[in-house]
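Okay, so here's the structure we're looking at.
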Amino acid sequence: MNSNIKALDTGFVLRADKIEKHFANIEVLRGISLEAKRGDVISLIGASGSGKSTFLRCLNFLEIPTGGTVTIRGETHQASDALSRSRASKQKLRQLRREVGMVFQSFNLWPHMTAAENVMEGPVRVLKEPPKAARSRALDLLARVGLSERADYRPSQLSGGQQQRVAIARALAMNPDVLLFDEPTSALDPELVGEVLAVMTDLAKEGRTMLIVTHEIAFARDVSSKMIFLRKGLVEEEGPPRDLIASPKSEELQRFLARMRH
Ligand SMILES: Nc1ncnc2c1ncn2[C@@H]1O[C@H](COP(=O)(O)OP(=O)(O)O)[C@@H](O)[C@H]1O
Ligand SMILES: [Mg+2]
């Protein structure tokens, strides 16, 4: 049987298998595997430099893994696809990036575009949606993240929390199968963190499949179905978030959590 069909049968939206990443002679990821079923919310925690961002970036091939595969919707992607210049490979890569949405710590909005224009840009340019329909959908998405009143504001006229909610609406506009969040609240003033976490909690309740790198341990505990602790490019410990937090087995996780509590 074709391995692609197998992946569909197991019911996983996303599967990462033994992802490795080396930069020159530095081994940043040393074989990380993970499976997400539809509606799973997986939180990734770990010290700075443990490879969390690199791992997320490998999942949509923003960073080309040195080894391993990413399977999404039954399609398996590996480094050789991304490095090939064939039309089919490029098409496959575009498809992967469309299926895996990403929200960055630093929002990455276009400064010269309004909130609505930022949200419509992908649908119009990549999905070839007519601008009028795309704008109407953008306004709906902005309403969903509580920003109906801000559709025609530019990023510089918005708070960090508002900008991040625009970035979430922008990711949703592409109808991704999986949403990746890389420390979405780390760049925010403390009083703005809650509004972004509230939007993410709503998305989780809607059954969105999400992977979240975060230092907000209480949020991760409440929202995620599974927690993974990364250390030096490997999964050190994983399981139900409450178990990991209440009774961490590895000394490293115990130390990490103790540091987070201060
Ligand atoms: N483009 C790169 N070139 C060289 N080293 C990198 C690159 N990107 C990340 N690294 C290294 O990989 C390690 C993991 O980084 P990162 O994935 O950003 O960790 P985290 O997000 O957990 O803080 C760090 O040691 C970092 O310096
Ligand atoms: Mg990071």
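Hydrogens, waters and symmetry mates play no part in the numbers below; they use all other heavy atoms, side chains included. Whatever order the structure lists ligands and atoms in, that order sets their numbers, starting from 1.
In terms of the side-chain hydrogen bond (donor to acceptor under 3.5 Å, both in side chains) criterion, residue partners of Ser43 (sequence neighbours excluded) are, by chain and number, Ser224.
Protein heavy atom in closest approach to atom 18 (O) of ligand 1: Ser53 CB, 3.7 Å. Among protein heavy atoms, atom 19 (O) of ligand 1 sits closest to Gly51 N, 3.2 Å. The protein heavy atom nearest to atom 11 (C) of ligand 1 is Val28 CG2, 3.8 Å. Closest protein heavy atom to atom 20 (P) of ligand 1: Gly49 N, 3.5 Å. Atom 15 (O) of ligand 1 has its closest protein heavy atom at Thr54 OG1, 3.8 Å.
In this structure, atom 6 (C) of ligand 1 is in close contact with the protein, since a protein heavy atom lies within 4.0 Å of it. Shown here, atom 22 (O) of ligand 1 is in close reach of the protein: a heavy atom of it lies under 4.0 Å off.
Each of the atoms 22 (O) of ligand 1 lies under 4.0 Å from some heavy atom of Ala47.
An N or O contact shorter than 3.5 Å is missing between Phe23 and ligand 1 by distance. Considering backbone and side-chain atoms alike, Glu63 places every N or O at 3.5 Å or more from each N or O of ligand 1. Checking only distances, Ile26 never comes within under 3.5 Å of ligand 1, N or O to N or O.
Within a 6.0 Å sphere centred on CD of Glu149, heavy atoms belonging to other residues, nucleotides or ligands number 12 at most. Atom CD of Glu191 is surrounded by more than 12 heavy atoms from other residues, nucleotides or ligands within 6.0 Å. Within a 6.0 Å sphere centred on NZ of Lys232, heavy atoms belonging to other residues, nucleotides or ligands number 12 at most.
The closest approach between Ala24 and ligand 1 stays at or above 4.0 Å for every heavy atom of the residue. Distances shorter than 4.0 angstrom occur between a heavy atom of Ser48 and an atom of ligand 1.
Between Leu44 and the choices Thr214, Val235, Leu56, the side chain to side chain contact (heavy atoms under 4.5 Å, CB included) rule is met once, by Leu56.
Checked by atom type and distance alone, the side chain of Asp182 never pairs as donor or acceptor with a backbone atom of Phe104 at under 3.5 Å.
Of the charged side-chain nitrogens involved, none lies within less than 4.0 Å of a carboxylate oxygen, so that Glu27 and Arg30 do not count as a salt-bridged pair. No salt bridge links Asp40 with Arg15; every basic N to acidic carboxylate O contact stays at or beyond 4.0 Å.
Within the cation-pi definition used here (under 6.0 Å to the ring centroid, within 45° of the axis), Arg259 does not qualify as a partner of Phe256.
Among the atoms of Thr54, none of the N, O or S atoms falls under 2.8 Å from the Mg ion (ligand 2).
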